[in-house]
Amino acid sequence: MAKKPKNAISPTRSENYPEWYQQVVKAADLAETSDVRGCMVIKPWGYAIWENIQRKLDTRFKATGHENAYFPLFIPMSFLEKEAEHVEGFAKECAVVTHHRLEPDPDGGLRPAASAKLEEPLIVRPTSETIIGATFARWLSSYRDLPILINQWANVVRWELRTRMFLRTTEFLWQEGHTVHATEAEAVEETRQMLDIYAEFAEDTMAMPVIKGEKTAGERFPGAVATYSIEAMMQDRKALQAGTSHFLGQNFAKAQEIKFQDQAGQEVFAWTTSWGVSTRLVGGLIMTHSDDDGLVLPPKLAPAQVVILPIYRNDDERTEVLEYCESLKSDLTAERFDDEPVRVRIDDRDLRGGEKKWQWVKRGVPLRLEVGPRDVAAGYVSAARRDVGGKGEPVERNAFVAGVAKLLGECQQALFDRALKAREEVTVSIDSLEEFEKYFTPKDADKPELHGGFAHCHFVEGPEMEAKLKSLKVTARCVPLDGEEEAGTCIFTGQPSTRRGIFAKAY
RNA sequence: CGGGCUGUAGCUCAGCUUGGCUAGAGCGCUGCGUUCGGGACGCAGAGGCCGGAGGUUCAAAUCCUCUCAGCCCGACCA
């Protein structure tokens, strides 16, 4: 008799959260480490989730007038030098291409050929503001060309020293929107519109509650005038920046000569924005909903929303049960959820039933249906929900089909409600430095328990705050956009302040 | 780039201190059988230049030197 662990994932979240995260990624078959340091292989199940994220976001981008395009992977090094802050921000983490040919080396291996050294090194894009800006400069000559609303789905490389699956990898997949506008007001509006779209997507589709806010100067995107983000709270009480939208002012326009003739015939600089979300969202999804039995997927993003597990003992039963399952699948697929046909999968692999069931539990499929000869005879299915756990309940087949969309909607809502409740439980208002320090200091420093959360505090940015945050490993997440004006005192300096910011430990 | 650690089967590791039998275990994989509304069990089997190079020795996974790779803790970050 093998040991029967109570949970499918070991260790549990409370035992060792970072290790739990790695185990969920593995158990759910989302991704694995690759032969390239810091880079991951995204496996079919994980990639299917990303594809769903892409599709849902892409629809929103198109609905707001954006078009997709594609720009080069390589950026001439000189381009990066044009915007001073931008260089400083990214120079330390760039992969650089210096040669275009290999030759045999004396040891029987290969080496870059000295004769094939590039005149100017190419940078593998860490982000594309510069190359896209240079392109936009050519596209733009008249106010009639504006606005330019472009999005690109791409991979980027940032040579991070410390990587974690989905949350921070050397190469990652993302989308970057880049727009050009005639006026400041219009560019600001675009920046805010895209932030709203990200927030709506996160909450509606990912069932992940987020706080919209503006980044402090210290956390701003290199080269931006203002950076906005959506901030989510993970189950280990650490914050995750889940999406950013930048108002770039005229900084990049001036650096790259993005200008046009206005209606008065004057040559003026344009106003630009950029915004993006990445495969990091998958990490956020995992850490928002999953439990000690593995991944829990919100129905709107699940590659399969319903999995049917046929149960039979012999070929006769197999034929009968599979036929029933196929018809069930066909009826379920005819139902619609979130404006799409319900996604159904029959798992008829030659595996033991229990093992199969647990695989789907760990992969986070919202609804599992077990169908055996007894169900076939009675016209029933045995249905189990992933988000609430527990065993399957017998349900009349047609009733289940008729109610599947509603049920998926309930699962989706339940996940959001649960995540929101969890966030509220770790959100506090703090008015003294002493209290702040206590909130962010684990009781046991050697084996830190889960601690911290979102702390709303009055603050005035400056060296005192920087130093204190650094020593506590806390970061300023954002100043919430829906926060209210309120007279207060900065907990770091005692200076007067009018708004609270959110502080948290973060990924 | 500093400080700690690890490279042995597909995966997780034992063996190294004190050199010596045919290099091991668990999981996974393959086959057969018994089970089976369920993460089962039994039997049989496949799978290793012990990270790489050099050295010491009658003899090296084990000792020495060099080298490569990876992990953890800092500094940096979507």
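Protein chains get the first letters and strands the later ones, always in sequence-line order, with residue 1 at the start of each.
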How far does the C1' atom of B/C29 sit from the matching atom of B/C73, given to the nearest Å?
-> 37 Å
Side chain of A/Lys470 - closest among B/C11, B/A78, B/A75 = B/A75
When the distance from CG of A/Leu351 to C1' of B/C36 is rounded to whole Å, what number comes out?
-> 13 Å
Judged by nearest nucleotide, the residue sitting upstream toward the 5' end of RNA chain B, A/Phe221 or A/Gly354, is A/Gly354
Of A/Thr163 and A/Asp375, the one whose closest nucleotide on RNA chain B sits nearer the 5' end is A/Asp375
Here the distance between atom P of B/C11 and atom CG of A/Asp29, to the nearest Å, is 16 Å
Would you classify A/Ser278 as touching base, sugar-phosphate or nothing, given that sugar-phosphate means primed atoms plus P, OP1 and OP2, and contacts are heavy atoms under 4.0 Å?
-> base
Whole Å only: how far is the CD atom of A/Glu32 from the P atom of B/G10?
-> 15 Å
Given atom CD of A/Gln23 and atom C1' of B/U12, what is their separation to the nearest angstrom?
-> 11 Å
Where does the angle between the aromatic ring planes of A/Tyr198 and A/Phe61 fall among parallel (under 30°), tilted (30 to 60°) and perpendicular (over 60°)?
-> perpendicular
Closest heavy-atom pair and its distance - A/Pro298, A/Met206 = CG-O, 3.6 Å
Is A/Phe172 touching bases, backbone alone, or none of the nucleic acid, heavy atoms closer than 4.0 Å?
-> base
Check whether more than 12 heavy atoms from other residues, nucleotides or ligands sit under 6.0 Å from atom CD of A/Glu323, and answer yes or no.
-> no
Measure the acute angle between the ring planes of A/Trp271 and A/Phe247, then classify it against the limits of 30° and 60° as parallel, tilted or perpendicular.
-> parallel
What does A/Thr169 touch in the nucleic acid at a heavy-atom separation under 4.0 angstrom: a base, only the sugar-phosphate, or nothing?
-> base
Taking the P atom of each, how far is B/G28 from B/C68, in whole Å?
-> 38 Å
Picking from B/A78, B/C11, B/G37, which would you name as closest to the side chain of A/Ser382?
-> B/G37
In whole Å, what separates the P atom of B/A61 from that of B/C16?
-> 14 Å
Whole-angstrom distance between B/A25 and B/G42, as gauged at atom P = 15 Å
To the nearest angstrom, how far is A/Lys26 atom NZ from B/U12 atom P?
-> 7 Å
State which of B/A78, B/C11, B/G39 makes the closest approach to the side chain of A/Glu160.
-> B/A78
Contact class for A/Leu167 vs. all strands (heavy atom < 4.0 Å): base, sugar-phosphate, or nothing?
-> base
Where do A/Pro373 and A/Val321 come nearest, in terms of heavy atoms and distance?
-> N-CG2, 3.8 Å
Heavy-atom nearest pair, A/Glu203 first then A/Pro209, reads OE2-CA, 3.4 Å
Rounded to the Å, how far apart are A/Arg164 CZ and B/C76 P?
-> 18 Å
A/Gln175 CD to B/A78 C1', straight-line distance once rounded to whole Å = 12 Å
Of B/A78, B/G39, B/G74, the nucleotide closest to the side chain of A/Trp358 is B/G39
P atoms of B/C36 and B/C13, separation to the nearest Å | 37 Å
Taking only the side-chain heavy atoms of A/Arg313 (C-beta and beyond), determine which of B/G39, B/A78, B/G37 contains the nearest atom.
-> B/G37
With rounding to whole Å, what would you report as the distance between B/U12 and B/U8 at their P atoms?
-> 8 Å
Parallel, tilted or perpendicular: which fits the ring planes of A/Phe172 and A/Trp174, with parallel below 30° and perpendicular above 60°?
-> perpendicular
Whole-angstrom distance between B/U35 and B/A23, as gauged at atom P | 40 Å
Secondary structure string for RNA chain B (Watson-Crick or G-U under 3.5 angstrom, | for other-strand pairs) = (((((((..((((......[...)))).((((((.....)))))).....(((((..]....))))))))))))....
Test A/Ile123 against every option in A/Val96, A/Val97, A/Thr130, A/Ile131 by the side chain to side chain contact (heavy atoms under 4.5 Å, CB included) rule and name the one that passes.
-> A/Val96
When you get a sec, tell me which of B/G37, B/G39, B/A78 is the closest nucleotide to the side chain of A/Arg374?
-> B/G37
Does A/Tyr21 have A/Arg164 sitting over its ring (NZ/CZ under 6.0 Å from centre, angle to axis within 45°)?
-> yes
Given the C1' atoms of B/G10 and B/U30, what is the spacing between them in whole Å?
-> 13 Å
Taking atom P of B/C36 as reference, at what distance in whole Å does atom OH of A/Tyr312 sit?
-> 17 Å
Considering only heavy side-chain atoms of A/Arg352, the closest of B/G39, B/G74, B/A78 is B/G39
